[in-house]
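A, B, ... follow the sequence lines: proteins, then strands. Residue 1 opens every chain. Atoms considered below: every heavy atom in the structure, side chains included; atoms not considered: hydrogens, waters and symmetry mates. Keep in mind the model is a prediction, meaning the values are calculated, not measured.
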Amino acid sequence: MEIRFYNTLTRKKEIFKPINKGKVSLYTCGPTVYNRAHIGNFRTFIFEDVLKRVLQLVGYNVKHVMNITDVDDKTIKKAHEENKKLNKITSKYTSEFMEDLQALKILPADLFPAATDHIQNMIEMISILIENKNAYVADDGSVFFSIDSINDYGKLANLDLKRQKQTDRVAADEYTKDNPRDFALWKAWKVEDGDVFWDSPWGIGRPGWHMECSVMSTKYLGNHFDIHCGGVDNIFPHHENEIAQSCAALGTEFVNIWMHSEHLNMADEKMSKSLGNIKTIPELLDDGHSAESLRYVLISSHYRSKLSFSSNKLDDARKAVHRINDIYNRLQGIISDGNSFPNEYDQFIEALVDDLNTPKALGILFNYLKELNRKIDNDKLTDEESSRGILFIKKADEIFSFLKDKTVIPDEIAKLVAKRNEARKDKNWELSDLLREELKEKGWIVEDTLDGSKCYSA
RNA sequence: GGCGUCGUACCCAAGUGGUCCAAGGGAGCAGUUUGCAAAACUGUCAUUCAUCGGUUCGAAUCCGAUCGACGCCUCCA
């Protein structure tokens, strides 16, 4: 099967060829654990989740590594503000991140290496860069990468540095650098770093941000691996610098395909911690939105398009997710599983392997579901078709995970439902509708069918 | 200033030269079912793709201009 992915490096879709047959090595940039991640961050993690699930569905053995950035300016600042040890802060937000991943049904990576566990490896790579004359030690003991020492700096971000306007941020940066755009591989200790520092040949300090990914990706996936992902804002400087230092240090090919997801916007503006317009996963779940609805919103537009987040979208998503669950349950009542697929399944897969066209794949799925419903209504659905339908939905769910787990109905809810059934028996419609409203407010939807009332969580 | 993305129905969103006089979801409308309820199901819903020009036998899709939205240019998923 021909799989095609858009490669940021070449700015076009390319046919995916794994380095090792049947295997894919995947590195995805993980969170900086100084704060609770927000739904915008999770757009990227869901995109990566879909990518991995698609690769697995078509038969690849995927080795997935996601880093945890547990030392940098922000984590240190946070620890300082709260007057706590750095690892108190980072372990708290790391476990919260893991909870959110699980809540959103995101498959965990095979490895979640932390930056602070790889300081020695980073020091080794920096030493190589200094030996190779790609890096130099500044007066204060910081180490910088010299972008003039390589000739293709800027190739990922498509930047022609000679024509760039120098921004204030760059102008205000340290004057000890040879070139103002040289970036830090090692940051010498400063007073505000407190007890956060490690020994190095250049004095005490801590690694620069980009080092950890160069070191950990290659340590666990090999110097040359298949796919590296992140949000578009990682293209520059993070991934550009990663390429520069990795290629210079290792002298080999580094990453074949770079994939980046677009931003999730809040009211047409980027959702980010610094703008303060964020929503976290627990907040959204507390508002009564399901993990499936959240996944749907993030999956129903293409990963390379900007996406505006709104409650309106979540409402639409809830209904779409319900539609899928409903027909699935409807089919379950008809016949058991089989093992052949409808023709639409091939189209579905084709859409997904064409640069993860999830909106198109969803369209194909919905079209097919409507056809199934039509046949059920006309009593023309054969057992064969029904079992194919179930299998298709199950396979689709291996990618999307829109099917809800059968939830246990709490006693309180069951009692209300029973009370409502009594009212219905007495043809007390007023009370019965009132109870249905009450249940809805508690997050449970009750439906009456010929076989009695069904109840499920919204 | 440089680089780049985008503008498709009331909302969301695929499609990027002919099979598109444009998928799919939501809303609306009509019908089936039902408790004149909710849910479910079916049907319906863009001669048109920001605007204006151009290329072509043929354009939502290519080119140019204009208008509008957004992102990156060392905090950022």
Side-chain angles (χ1 to χ4, degrees), chain A residues 11 28-32 34 37-48 72-74 77 154 157-167 169-170 172-173 180-184 208-210 229-238 240-241 260-265 268-275 296-297 300-302 304-308 310 312-313 315-324 326-327 329-330 351 357-370 372-374 376-378 424 427-430 432-433 436-437 440 445-450 453-454 456:
Chain A
R11 310 267 158 177
T28 61
C29 273
T32 300
Y34 76 107
H38 55 74
I39 185 73
N41 300 127
F42 281 98
R43 181 185 192 191
T44 297
F45 301 131
I46 292 268
F47 140 68
E48 291 157 354
D72 81 318
D73 292 357
K74 286 170 299 186
K77 186 166 168 241
N158 194 23
L159 295 179
D160 181 351
L161 296 177
K162 292 183 194 73
R163 303 180 64 182
Q164 293 295 302
K165 181 175 155 186
Q166 185 163 302
T167 64
R169 275 191 283 190
V170 174
D173 218 326
R181 286 181 174 278
D182 286 350
F183 56 91
W209 173 34
H210 319 296
C229 301
V232 282
D233 49 355
N234 278 159
I235 295 172
F236 195 88
H238 187 49
E240 188 68 58
N241 292 350
H260 296 93
S261 64
E262 252 297 345
H263 281 301
L264 179 71
N265 293 158
D268 286 342
E269 212 177 27
K270 183 167 113 177
M271 183 184 286
S272 78
K273 289 167 188 168
S274 41
L275 289 171
Y296 188 92
V297 170
S300 63
S301 88
H302 189 85
R304 286 191 287 113
S305 301
K306 290 176 188 67
L307 172 62
S308 284
S310 68
N312 193 28
K313 273 208 174 95
D315 286 343
D316 289 357
R318 202 198 82 237
K319 290 166 192 159
V321 165
H322 178 63
R323 194 174 161 81
I324 296 170
D326 216 64
I327 176 110
N329 293 333
R330 201 177 179 190
N357 195 337
T358 49
K360 188 175 181 181
L362 276 172
I364 292 162
L365 178 64
F366 277 115
N367 255 331
Y368 173 72
L369 296 183
K370 179 170 289 209
L372 277 184
N373 272 325
R374 233 179 258 136
I376 295 174
D377 279 3
N378 297 331
R424 291 191 71 226
K427 297 201 186 295
N428 186 347
W429 310 126
E430 208 176 312
S432 129
D433 288 354
R436 187 174 55 215
E437 276 306 305
K440 194 174 174 188
I445 306 288
V446 63
E447 278 174 20
D448 304 322
T449 69
L450 292 175
S453 297
K454 284 194 297 188
Y456 58 88

Handout entry: Interatomic distance at P, B/A50 relative to B/A22, whole Å
Key = 15 Å

Problem - Dot-bracket encoding of pairs in RNA chain B, which uses [ ] for pseudoknotted crossings and | for another strand, Watson-Crick or G-U under 3.5 angstrom - result: ((((((((.[[[..)..(.....]]].(((((.......))))).....[[[[[..)....]]]]])))))))....

Problem - Distance in angstrom units between A/Leu264 CG and B/G71 P, rounded - result: 13 Å

Handout entry: A/Glu240: side chain to side chain contact (heavy atoms under 4.5 Å, CB included) partners, not counting sequence neighbours
Key = A/Tyr153, A/Lys155, A/Leu156, A/Ala157, A/Phe236

Problem - Span that lies between the C1' atom of B/A13 and that of B/G24, in whole angstrom - result: 8 Å

Problem - B/G43 versus B/G54 - spacing of their C1' atoms, nearest Å - result: 42 Å

Practice task
Could you measure between the two P atoms, the one in B/U8 and the one in B/U47, and give it in whole Å?
Solution key: 15 Å

Practice task
Please determine, for the side chain of A/Glu447, which listed nucleotide (B/G35, B/A39, B/C73) has the closest atom?
Solution key: B/A39

Exercise for the section: Supply the atom-to-atom distance A/Asn234 CG to A/Thr28 OG1, rounded to the nearest 0.5 angstrom. Expected result: 10.5 Å

Problem - A/Phe183 side chain near A/Pro237 side chain, heavy-atom distance below 4.5 Å - result: no

Practice task
Start with the C-alpha distance between A/Asp316 and A/Lys313, add both sets of side-chain angles, then the distance that settles salt bridge (Lys or Arg N to Asp or Glu O under 4.0 Å), and finish with yes or no.
Solution key: CA-CA 5 Å; A/Asp316 289 357; A/Lys313 273 208 174 95; over 6 Å; no

Exercise for the section: In sequence, state the C-alpha distance, the side-chain angles, and the governing distance for A/Glu262 and A/Leu307, and then conclude on side-chain contact (heavy atoms from CB on, under 4.5 Å). Expected result: CA-CA 8 Å; A/Glu262 252 297 345; A/Leu307 172 62; over 6 Å; no

Exercise for the section: Determine yes or no for a side-chain-to-main-chain donor-acceptor pair under 3.5 angstrom, with A/Asn41 supplying the side chain and A/His38 the backbone. Expected result: yes

Completion exercise
Picking from B/G35, B/C72, B/A77, the nucleotide nearest the side-chain atoms of A/Phe236 would be B/C72

Handout entry: Side-chain donor or acceptor of A/Arg436 paired with backbone N/O of A/Val446 under 3.5 Å
Key = no

Fill in the blank from the handout: Taking for A/Pro31 and for A/Glu430 the nucleotide of RNA chain B with the nearest heavy atom, the one nearer the 5' end belongs to A/Glu430

Exercise for the section: Mind checking the CG-CZ spacing from A/Leu264 to A/Arg43? Nearest 0.5 Å is all I need. Expected result: 6.5 Å

Identify all pairs in which a protein N or O lies below 3.5 Å from an N or O of nucleotides 42-44 of chain B, and state each distance.
residue	atom	partner	partner atom	Å
B/U42	OP1	A/Lys370	O	3.3
B/G43	OP1	A/Arg374	NE	2.9
B/G43	OP1	A/Arg374	NH2	2.9

Problem - Position toward the 5' end of RNA chain B (nearest nucleotide), A/Gly231 or A/Ala157 - result: A/Ala157

Practice task
Measure the distance from CD1 on A/Ile235 to P on B/C73 and round it to the nearest whole Å.
Solution key: 11 Å

Give me, pair by pair, the N or O atoms of the protein and of nucleotides 12-14 of chain B that are less than 3.5 Å apart, along with how far apart they are.
residue	atom	partner	partner atom	Å
B/C12	O3'	A/Lys313	NZ	3.3
B/A14	OP1	A/His302	N	2.8
B/A14	O3'	A/Asn357	ND2	3.3

Exercise for the section: Kindly assign one of parallel, tilted or perpendicular to the pair A/His238 and A/Trp209, based on the angle between their ring planes and the thresholds 30° and 60°. Expected result: parallel

Exercise for the section: Give a yes/no answer on whether the side chain of A/Lys319 brings an N or O atom under 4.0 Å of OP1 or OP2 in B/A39. Expected result: no

Problem - C1' atoms of B/C12 and B/A59, separation to the nearest Å - result: 25 Å

Exercise for the section: Measure the distance between the ring centre of A/Phe366 and the centre of the six-membered base ring of B/G24, then answer whether it is under 5.5 Å with planes under 30°. Expected result: no

Practice task
Measure from the side chain of A/Asn367, starting at C-beta and using heavy atoms only, and say which of B/G24, B/A77, B/G35 lies closest.
Solution key: B/G24

Handout entry: Nearest-angstrom distance, P atom, B/U5 to B/U19
Key = 27 Å

Handout entry: Distance between C1' atoms of B/C11 and B/G58 (Å, rounded)
Key = 33 Å

Exercise for the section: Find the distance A/Asn378:CG to B/U32:C1' and express it as a whole number of Å. Expected result: 11 Å

Fill in the blank from the handout: Contacts of A/Ala184 meeting side chain to side chain contact (heavy atoms under 4.5 Å, CB included) (sequence neighbours excluded), chain-then-number -> A/Phe144, A/Lys187

Exercise for the section: Give the rounded distance in Å between these two atoms: NE2 of A/His263 and P of B/A77. Expected result: 9 Å

Fill in the blank from the handout: Testing B/A77, B/G24, B/A27 for proximity to the side chain of A/Asn234, the answer is B/A77

Fill in the blank from the handout: Taken to the nearest whole Å, CH2/A/Trp429 to C1'/B/C36 is 12 Å

Problem - Separation of the C1' atoms in B/C49 and B/A9, to the nearest angstrom - result: 10 Å

Practice task
Measure from the side chain of A/Arg424, starting at C-beta and using heavy atoms only, and say which of B/A77, B/A37, B/G25 lies closest.
Solution key: B/A37

Handout entry: For the student: nearest non-hydrogen atoms of A/Ala37 and A/Phe42, plus distance
Key = CB-CE1, 3.5 Å

Problem - Atom pair distance, as rounded to whole Å: CD in A/Glu437 and C1' in B/A39 - result: 13 Å

Fill in the blank from the handout: Quick note, A/Arg436 side chain, CB onward, closest among B/G35, B/G4, B/G71 is B/G35

Exercise for the section: Flag the pair A/Arg323 and A/Asp326 as a salt bridge only when some basic side-chain nitrogen lies within less than 4.0 angstrom of an acidic carboxylate oxygen. Expected result: no

Handout entry: Residue list, side chain to side chain contact (heavy atoms under 4.5 Å, CB included) with A/Arg374, at least two apart or on another chain
Key = A/Lys370, A/Glu371

Practice task
Look at all strands and tell whether A/Gly40 reaches a base, only sugar-phosphate, or nothing, counting heavy atoms closer than 4.0 Å.
Solution key: base

Handout entry: Side chains of A/Thr358 and A/Phe47 in contact at under 4.5 Å (non-hydrogen atoms)
Key = no

Practice task
Measure from NE2 on A/His322 to C1' on B/G24 and round the result to the nearest Å.
Solution key: 18 Å

Practice task
May I have the distance from A/Asp233 (atom CG) to B/C70 (atom P), rounded to whole angstrom?
Solution key: 17 Å

